[in-house]
Amino acid sequence: MAPTGRAALLAALGSLPVGVWEPGWTGLLAVNAPLAVACACDYALAAPVRTLGLARSGDTSVRLGETADITLTVTNPSRRPLRARLRDAWPPSSWTPGTETEASRHRLTIPAGERRRVTTRLRPTRRGDRQADRVTVRSYGPLGLFTRQGTHRVPWTVRVLPPFTSRKHLPSKLARLRELDGRTSVLTRGEGTEFDSLRAYVPGDDTRSIDWRATARQSEVAVRTWRPERDRHLLLVLDTGRTSAGRVGDAPRLDASMDAALLLAALASRAGDRVDLLAYDRRVRALVQGRASGDLLPSLVNAMAQLQPELVETDARGLTAAALRTAPRRSLIVLLTTVDSTPVEEGLLPVLSRLTQRHTVLLASVADPHVAAMGQGRGDVDAVYEAAAAAQAHTERDRTADQLRRRGVTVVDATPEELAPALADAYLALKSAGRL
């Protein structure tokens, strides 16, 4: 086959074997005078890369699992056209595995004195801040024999936020909240402990709700109606210690706890309650206080984006003290932690009374669905042993949950997909019963 393109030119100039030349080589295996002249001219005509102007724009935040577009504007101030390959480097977790090469490399041609834009699309696989690394530009001459290469630092940070997948449950929970709050016709009158209005007595009403003063002023019996309390205080406490690092499926338990906390915060803020967040293991990792309803969720997801499980045992006494400082008045304290027997019995139970004597306490724990699947196995000896281990683990969790309930704690233990709606239902049940 006859050589073509650059390989043909090199063979003609230097009488060298065509097969030794590969795209991207920046040196020569052998040099003769005509070839040296061609290479020198090619190098001289390649646009310089050190003087290029680079600037970034685009997304500064993205939810985990979604895409962020970062635009890089490249300006060529030289008098020579730029023919280049560009690599926009980011941390490996900025893309799903196997897509980094295609997403981060770009070809561009920029005439002298002009500018062009290239877009790098990120799809992060972990929460937290992703910071841009170096931009490497390789400039080619018109023959492609020699290249100029240089790197530029163009800072940019993209914050990867929690995905909030439980948002889909919010409309149904808000509908239930409206029922409790008297905004729909299916309200059960008498629920709640905050006075709402007066209405005429109908058979079946609780006689304790009769307002005798109002009855004396009119010709019919009047009864009081009630609604769930508003403007109550919720403190969401995220345990970021060792147990939160255990993986359930493809994500750590902490991620499922954060998703449940976001749904509860959205629901409680719509109910008129004040919501704060405390993340703790052996020290305070995040604290969000005093946010208005419209600013609450953005503040929470920004604080949660930086949280990672810490491989240390949670200091239950320190966590309790921090919660009491954050919630000095009667509140609903939601502990997003574990119901594993050892951390609870050795850490939480000895100090739990300090919380329950002043506050209503709700504990939410992430259960592993794989354990439930193991409990169904009966096919062979290994499956039977796995089923026995699953039954033992389930019994221990139930026993620990019963110990917490006997101390006045409401316990929610559910799989990652079920935890968020189950926690929201528990909150609505407490609100309906007037326990907040």
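In this text, all values refer to a predicted model and were calculated from it rather than measured experimentally. Counting from 1, the numbers follow the sequence of the chain as shown.
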Let me know which of Ile333, Leu362, Thr356 forms a side-chain contact (heavy atoms from CB on, under 4.5 Å) with Val409. Thr356
Quick check: do Val62 and Leu161 have side-chain heavy atoms less than 4.5 Å from each other? no
Please step through side chain to side chain contact (heavy atoms under 4.5 Å, CB included) for the pair Tyr140 and Arg85, ending with a clear verdict. CA-CA 8 Å; Tyr140 291 85; Arg85 292 183 181 181; 3.7 Å; yes
Heavy-atom check, side chain of Arg242 versus side chain of Pro343, under 4.5 Å: yes
Less than 4.5 Å apart, any side-chain heavy atom of Leu86 and any of Val135? yes
Salt bridge or not between Asp69 and Arg121? Use side-chain N to carboxylate O under 4.0 Å. yes
Any donor-acceptor pair under 3.5 Å linking the side chain of Asn76 with the backbone of Ser78? yes
Heavy atoms, side chains only, cut-off 4.5 Å: are Arg116 and Glu114 in contact? yes
Classify the side-chain pair Arg130/Ser93 by whether it contains a donor and acceptor separated by less than 3.5 Å. yes
Quick one: do Thr60 and Thr157 satisfy side chain to side chain contact (heavy atoms under 4.5 Å, CB included)? Show the steps, please. CA-CA 6 Å; Thr60 57; Thr157 301; over 6 Å; no
Could you tell me if Ser353 and Gln357 have a donor-acceptor pair between their side chains, going purely by distance under 3.5 Å? no
Residues two or more places apart in sequence or in another chain: which of them pass side chain to side chain donor-acceptor pair (under 3.5 Å) with Thr120? Asp88, His106
Heavy-atom closest pair (Ala103 atom, Trp95 atom, distance to 0.1 Å) is CB-NE1, 3.2 Å
Can you confirm whether more than 12 heavy atoms, excluding those of His394, are under 6.0 Å from its NE2 atom? no
Out of curiosity, Gln308 CD to Ser244 OG, how far, rounded to the nearest 0.5 Å? 9.5 Å
I need the minimum non-hydrogen distance between Ser331 and His359, along with the two atoms involved. N-ND1, 3.0 Å
Scan the side chains in residues 417-425 for donor-acceptor partners under 3.5 Å anywhere in the protein, sequence neighbours excluded, and list what turns up.
from: Glu418; atom 1: OE1; to: Thr415; atom 2: OG1; distance (Å): 3.4
from: Asp425; atom 1: OD1; to: Lys173; atom 2: NZ; distance (Å): 2.7
from: Asp425; atom 1: OD2; to: Lys173; atom 2: NZ; distance (Å): 3.3

Close side-chain approach of Thr75 to Leu54, heavy-atom, < 4.5 Å: no
Rounded to the nearest 0.5 Å, what separation is found between the CG atom of Asp259 and the NE2 atom of His169? 8.0 Å
Residue pairs involving residues 150-160 (criterion salt bridge (Lys or Arg N to Asp or Glu O under 4.0 Å); sequence neighbours excluded): Asp129-Arg159, Asp133-Arg153
If you look only at distance, which donor and acceptor atoms sit under 3.5 Å apart when one is on a side chain in residues 44-52 and the other is two or more places apart or in another chain?
none

Whether Arg283 and Asp315 form a salt bridge (side-chain N of Lys/Arg under 4.0 Å from carboxylate O of Asp/Glu) is what I want to check. no
Output a table of donor-acceptor pairs, distance under 3.5 Å, between side-chain atoms of residues 288-298 and any protein atom two or more places apart or on a different chain; print 'none' if there are none.
from: Arg291; atom 1: NE; to: Ser299; atom 2: OG; distance (Å): 3.0
from: Arg291; atom 1: NH1; to: Gln289; atom 2: O; distance (Å): 2.9
from: Asp295; atom 1: OD2; to: Ser299; atom 2: OG; distance (Å): 3.1

Between Glu313 and Arg282, does a salt bridge (charged side-chain N to carboxylate O under 4.0 Å, His left out) hold up when you go through it step by step? CA-CA 8 Å; Glu313 198 70 41; Arg282 289 189 173 274; over 6 Å; no
Is there side-chain contact between Pro309 and Thr240, with heavy atoms separated by less than 4.5 Å? no
Closest non-hydrogen atoms of Leu352 and Leu404, given as atom of the first, atom of the second and distance, are CD2-CD2, 3.8 Å
With no hydrogens and no angle check, is any side-chain donor or acceptor of Arg247 less than 3.5 Å from a backbone partner on Asp250? yes
Find out whether Leu277 and Met304 are in side-chain contact, i.e. whether some heavy atom of one side chain is under 4.5 Å from a heavy atom of the other. yes
Do the side chains of Leu122 and Trp90 get nearer than 4.5 Å, heavy atoms only? yes
Please say whether more than 12 non-hydrogen atoms of neighbouring residues, nucleotides or ligands are located less than 6.0 Å from CZ in Arg126. no
d(Leu262 CG, Arg167 CZ) to nearest 0.5 Å is 8.5 Å
Under 3.5 Å donor-acceptor, Thr320 side chain and Ala316 backbone: yes
Let me know which of Leu267, Val334, Val412, Thr410 forms a side-chain contact (heavy atoms from CB on, under 4.5 Å) with Tyr427. Leu267
What salt bridge (Lys or Arg N to Asp or Glu O under 4.0 Å) pairs are there with at least one residue in residues 390-402, not counting sequence neighbours? Asp340-Arg397, Glu345-Arg399, Arg397-Asp413, Asp402-Arg405
Polar contact flag, side-chain donor to acceptor under 3.5 angstrom, His233-Asp276: yes
Minimum heavy-atom distance between Pro155 and Arg56, given as atom pair plus value: O-CD, 3.9 Å
Kindly say whether His152 contributes a backbone atom to a donor-acceptor pair with the side chain of Arg134 at under 3.5 angstrom? no
Mind running side-chain hydrogen bond (donor to acceptor under 3.5 Å, both in side chains) on Thr360 and Arg330 for me, showing each step along the way? CA-CA 8 Å; Thr360 301; Arg330 181 169 180 81; 3.1 Å; yes
Ser257 and Leu336: which non-hydrogen atoms are nearest, and at how many Å? O-CD2, 3.5 Å
Residues, nucleotides or ligands: over 12 heavy atoms within 6.0 Å of Arg115 CZ: no
Mind listing the closest non-hydrogen atom pair of Ala323 and Leu235 along with its distance? O-CD2, 3.6 Å
What I want to check is whether the side chains of Thr314 and Asp281 have a donor and an acceptor closer together than 3.5 Å. no
